[in-house]
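Just below is one structure, and these are the notes that go with it.
Letters A, B, ... are given to chains in the order of the sequence lines, protein chains preceding strands, and every chain is numbered from 1. Scope of the values below: all heavy atoms of this structure, side chains included, with no hydrogens, waters or symmetry mates. None of the values given here were measured: they were computed from a predicted structure.
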There are 4 protein chains.
Amino acid sequence: MSWLENSIMAARGEAKGLAGQTFSITEESQGKYHYVYGPYAEPILRVDPGAVVSAETHDAMEGQIKSESDSPSAILNFPFLNPQNGPIFVNGAEKGDCLAVYIRKIVPRGPQPVGTTCIMPEFGGLVGTGDTAILNPPLPEIVKKVEVTPEKGVVWNDKITLPYQPFIGTIGTSPEIEAISSLVPDYYGGNMDLPDVGPGAVIYLPVHAPGALLYLGDCHATQGDGEICGFAIEHPTVTTIQIDLIKNWTFRWPRLETEGLIMTIGSGRPMEDAARIAYRELVRWMAADYGYDELDAYMLLTQAGKLRVGNMVDPKYTLGASVSKTLLG
Amino acid sequence: MSWLENSIMAARGEAKGLAGQTFSITEESQGKYHYVYGPYAEPILRVDPGAVVSAETHDAMEGQIKSESDSPSAILNFPFLNPQNGPIFVNGAEKGDCLAVYIRKIVPRGPQPVGTTCIMPEFGGLVGTGDTAILNPPLPEIVKKVEVTPEKGVVWNDKITLPYQPFIGTIGTSPEIEAISSLVPDYYGGNMDLPDVGPGAVIYLPVHAPGALLYLGDCHATQGDGEICGFAIEHPTVTTIQIDLIKNWTFRWPRLETEGLIMTIGSGRPMEDAARIAYRELVRWMAADYGYDELDAYMLLTQAGKLRVGNMVDPKYTLGASVSKTLLG
Amino acid sequence: MSWLENSIMAARGEAKGLAGQTFSITEESQGKYHYVYGPYAEPILRVDPGAVVSAETHDAMEGQIKSESDSPSAILNFPFLNPQNGPIFVNGAEKGDCLAVYIRKIVPRGPQPVGTTCIMPEFGGLVGTGDTAILNPPLPEIVKKVEVTPEKGVVWNDKITLPYQPFIGTIGTSPEIEAISSLVPDYYGGNMDLPDVGPGAVIYLPVHAPGALLYLGDCHATQGDGEICGFAIEHPTVTTIQIDLIKNWTFRWPRLETEGLIMTIGSGRPMEDAARIAYRELVRWMAADYGYDELDAYMLLTQAGKLRVGNMVDPKYTLGASVSKTLLG
Amino acid sequence: MSWLENSIMAARGEAKGLAGQTFSITEESQGKYHYVYGPYAEPILRVDPGAVVSAETHDAMEGQIKSESDSPSAILNFPFLNPQNGPIFVNGAEKGDCLAVYIRKIVPRGPQPVGTTCIMPEFGGLVGTGDTAILNPPLPEIVKKVEVTPEKGVVWNDKITLPYQPFIGTIGTSPEIEAISSLVPDYYGGNMDLPDVGPGAVIYLPVHAPGALLYLGDCHATQGDGEICGFAIEHPTVTTIQIDLIKNWTFRWPRLETEGLIMTIGSGRPMEDAARIAYRELVRWMAADYGYDELDAYMLLTQAGKLRVGNMVDPKYTLGASVSKTLLG
């Protein structure tokens with residue numbers, strides 16, 4: 001028995017958090033991957049709530065960085081970056097609803113070394129970028145390939161191996177009429193690069209377009225807070241999710257639940273705006289669903305709220321604000 | 001004879017800055033207005049370089065705020081805001097080219113009072129917003145309708161009349177595969193809300209999609225620096241532009257030219273990033289086209305550069321950095 | 001035996017991390033508390049490295065908020081806020097050295113309810129402030145008094161009790177010639193409000209003035225990430241520290257060590273600048289003392305670095321970047 | 001007859017805006033220059049309202065950058081930067097009052113080339129800095145010396161001469177108990193680097209310490225918006241000011257008046273906070289002294305307010321928000 005039985009997904013989902021039909025998205029069945037989150041692409045799959053979907057994801061560079069002698073800036077070609085599986089049309093999903101996505105499993109796929117990280121000009125948290133535009137010379141380009149297995153973990157070098165702690169870097173629903181680069185995180189999810197979005201968690205995504213149109217991709221084998229150089233351990237995977245639908249649960253920003261906490265996710269610039277969004281959403285959630293007075297929640301989170309910095313390198317920075325379920329009564 | 005004859009548009013444009021065929025876009029011929037800048041809408045017009053186009057623009061609220069007793073927050077419905085004319089397909093325009101748009105004339109249209117400004121919750125520079133998310137109570141909603149004529153100006157009240165200094169609040173080309181809300185300013189133009197984009201100026205816009213796909217709308221009768229409450233004097237107009245095409249002039253952010261200056265336009269958050277983008281683009285332009293060493297340009301702009309704050313209320317803030325042509329040799 | 005024996009303080013300190021003479025600072029012996037970090041106040045104590053000092057700290061409101069019916073905005077009077085014990089002159093400390101402060105113990109003092117949190121106009125992370133200046137009306141003022149004991153913890157209400165996890169909110173050395181409000185965190189420490197600065201940790205502070213001139217105060221009984229309403233559980237304490245001196249260890253921003261990690265602390269606005277400072281300092285530390293190539297450290301922290309948001313309410317925001325000692329070889 | 005006769009200084013000043021006794025501060029009579037704004041230095045002059053004071057100011061580098069082959073980073077030694085004249089004790093000035101300083105004249109002094117600008121690592125708006133901390137390599141250091149005379153202007157090179165448009169880069173009163181680096185602009189004035197603070201303007205500075213304790217220095221021969229490389233045309237001068245005192249005019253941030261406008265000055269980070277401060281102060285001033293409803297002022301400034309970016313390189317950025325006196329009735 002899993003905590004999922006006590007989740008919001010189980011309590012409010014159309015499929016009651018139970019697994020239904022299973023589906024598989026292979027590279028072949030996906031065909032063209034997508035570089036925007038939007039309503040203009042044809043669904044590759046139509047499913048009912050409860051569907052369990054396994055998808056063959058690409059890494060964020062679509063596998064183009066093959067060796068440590070490659071030059072990312074020569075190979076990577078905006079806006080054709082961060083390829084996404086989907087969109088998946090969820091039957092019955094309408095604007096104002098919420099898609100619940102339980103992340104069941106992530107495993108690497110493909111020949112080793114399967115993991116890649118890079119340093120690339122004009123991208124990252126400790127360098128000038130296209131937005132924080134400066135005149136300093138760039139750092140040298142570096143590509144590092146690492147072996148990644150669930151058993152051994154991420155083999156950084158002879159001395160250092162990091163645990164395999166995979167998560168989905170980019171996941172979300174389609175905006176209503178916008179089609180936004182899969183490099184961007186925003187109100188519909190997208191490129192949040194938040195390590196909490198991993199196996200065992202449920203992410204709740206607001207629905208804006210008919211069928212929700214779920215996209216996902218960009219799995220990371222592990223990542224530190226902030227994803228500071230801009231490239232986590234990027235790797236292709238088979239990622240398995242279970243989809244449910246909560247009717248008429250309307251909110252602005254993605255939410256997340258694990259066995260121990262609830263979290264709200266904000267993306268913005270400057271970073272304090274992402275934190276403000278996340279914490280305000282959490283205050284409002286505690287008031288709407290857990291009987292808190294808003295100002296009492298505000299004061300309690302001052303003592304017991306947690307902030308996780310997902311990324312500080314994407315077009316918007318992403319932070320998660322969370323509170324332990326033990327404080328929710 | 002106009003300064004235009006000595007402009008970059010005249011020197012490098014396919015039509016040599018000369019006026020060609022004239023076109024008119026009425027509300028009727030426009031049909032559906034657009035709320036995103038993207039490549040997924042059918043062009044309403046196909047023109048050659050030199051085309052002179054008059055467009056009936058709506059105000060940013062699509063004329064829905066009809067009286068001072070209306071409630072903007074009840075009426076306005078994201079994402080269906082800031083309606084745009086277009087897209088106009090410019091024959092011959094390809095990725096890597098530059099569209100030159102000379103703004104010839106802006107005149108109000110429709111019954112008086114034709115101008116509208118508002119205070120609306122969660123929008124503006126001196127209030128909490130969806131991004132700068134706070135718990136303070138909102139300001140009261142206010143709608144103010146004002147008479148606007150080119151002759152008299154903007155009649156604020158019995159004592160104060162402001163000059164009519166119209167400009168195009170939102171103008172740009174289509175991204176390659178993204179479709180971005182017309183509320184956003186970014187690398188392709190969009191909702192810059194920069195008063196320099198008015199009659200007598202040429203704006204240079206990078207081309208990303210075949211035909212460039214020019215959109216425009218959201219004209220303001222006058223506006224202060226920063227558009228601080230979020231609503232300039234919004235008004236419907238007939239706006240006349242002249243379009244030219246410069247092949248193989250590739251740059252990242254919009255540029256502008258008037259008789260006296262050249263300007264680069266950056267949009268970003270926090271505001272210093274918009275300023276950095278604008279100034280770096282100006283340094284690079286001076287180096288590429290005016291014989292400056294980059295660091296010499298950097299030092300000279302420190303003494304003689306000008307910054308104009310367009311908006312500090314949109315999803316990205318917009319600033320223009322400029323230098324007098326007298327310093328360009 | 002404590003981890004301290006294996007600390008940098010033990011390895012490099014003049015007193016080898018060993019406890020020396022003990023001192024006590026009472027309210028009476030302190031006399032006037034201080035509201036600036038600067039070199040213009042007379043030391044209240046002169047000690048050798050190794051000194052163990054117990055100080056009676058006030059809460060940040062100097063005990064003036066006595067009841068839940070008090071009005072913080074009427075009582076609190078800038079700049080006479082956040083009273084500090086000290087300065088303590090450390091014999092032998094000179095500019096370019098580093099003060100090591102091991103935090104031994106924090107216990108509440110005074111009559112219950114000893115803990116205080118508040119909501120006050122123009123202060124906090126989810127409201128407009130003097131810096132993020134807006135026109136919205138303020139939230140109501142609220143004072144909440146809570147019982148705090150090491151045994152029971154922080155008694156929030158009938159249902160919720162939080163663990164007692166005390167730390168020093170404000171600690172630092174004197175700038176060389178500046179005297180800066182004790183509300184500010186900066187390169188010398190100050191009002192960092194970072195929960196890691198608690199019992200069992202060593203904080204390393206750069207020395208700028210002869211004798212280092214150590215100040216401390218503002219202890220919190222517990223605090224969430226960001227200290228979002230601006231007032232943690234503020235409480236008066238007896239705080240016991242052990243001071244050591246590391247000659248000729250020169251760096252710009254405070255550093256911290258626990259049994260399991262090393263951390264660098266940055267303060268700035270916007271929040272991403274605090275994160276950048278913290279991470280750059282950590283990269284440099286790993287390169288200087290642990291044999292890392294800078295860019296390799298940058299890539300490794302991308303996978304394994306941790307960010308803690310201390311405060312997002314003070315004049316500068318404070319973040320700590322850390323890495324596990326298991327990755328330092 | 002000057003506009004000064006119609007100024008606020010004339011209307012409300014103790015000396016009615018009239019010139020009184022004259023004083024001179026030479027390098028010799030100044031003796032030690034100051035690097036902090038604070039109450040811990042002895043006044044070098046005590047004057048009554050009406051005093052006309054001429055001061056020999058140093059440039060921001062205290063004349064240490066003597067040739068184009070000098071290395072600023074090797075010579076300049078924080079915190080001993082930006083030397084200030086003063087403090088001047090103004091008889092009768094008390095906390096809650098306002099010091100009015102009319103800037104009469106600025107002339108260069110010393111041997112030509114008297115003007116200096118530089119590019120220096122870790123300082124400037126288009127480079128990484130100590131706050132926007134990055135790993136990119138620095139730009140090369142550059143020193144440029146230029147001839148500056150009121151008659152000819154600033155001789156940039158053979159082709160370019162900029163007009164002499166001098167102003168006071170750093171001016172302010174003392175904080176009450178803080179002593180803050182003269183590199184910082186804040187609520188008391190300081191290193192605002194705002195070109196409006198030039199001859200013909202009156203700056204109004206809040207008083208926090210007995211006698212106000214006026215400091216000034218850091219005059220610029222000309223400067224662009226943002227002072228983007230960090231060094232305007234720095235030059236030593238004889239600067240003449242006329243001081244008046246307005247009793248019981250209490251406000252938070254510096255204000256400025258010229259013949260045509262009133263301006264409020266905000267300093268902060270990120271840049272939008274400086275803009276918010278400036279505009280909110282202007283709204284409040286229009287409401288307090290010019291009969292405006294606050295929200296009406298907010299809407300009018302949206303149409304007619306002007307923003308000037310002073311600096312975007314100092315520890316806080318400085319912006320001035322202004323409105324034409326023609327709109328004040």
Checking the side chain of [X] only, and the main-chain atoms of [Y] only, is there a donor and an acceptor separated by less than 3.5 Å?
X	Y	answer
D:Asp225	B:Leu307	yes
B:Tyr298	D:Leu126	yes
B:Glu272	D:Gly125	no

Measure D:Thr326 against the heavy atoms of chain B and call it side chain, backbone, both or neither at under 4.5 Å.
neither

Identify which part of D:Leu295 has an atom lying under 4.5 Å from any heavy atom of chain B, answering side chain, backbone, both or neither.
both

Can you find a heavy atom in the side chain of D:Val309 that is under 4.5 Å from one in the side chain of B:Arg308?
no

Contact check, side chains of B:Leu162 and D:Leu300, non-hydrogen atoms, under 4.5 Å:
yes

Side chain from CB out, backbone as N, CA, C, O: work out which of these in [X] comes under 4.5 Å of a heavy atom of chain D, or both, or neither.
X	result
B:Val146	neither
B:Lys306	both
B:Ile160	side chain
B:Tyr317	side chain
B:Asp273	neither

Atom of D:Met312, atom of B:Ala275 and distance for their closest heavy-atom approach
SD-CB, 3.6 Å

To check you understand the geometry: which heavy-atom pair defines the closest contact between B:Thr302 and D:Gly230, and what is its length?
CG2-N, 4.3 Å

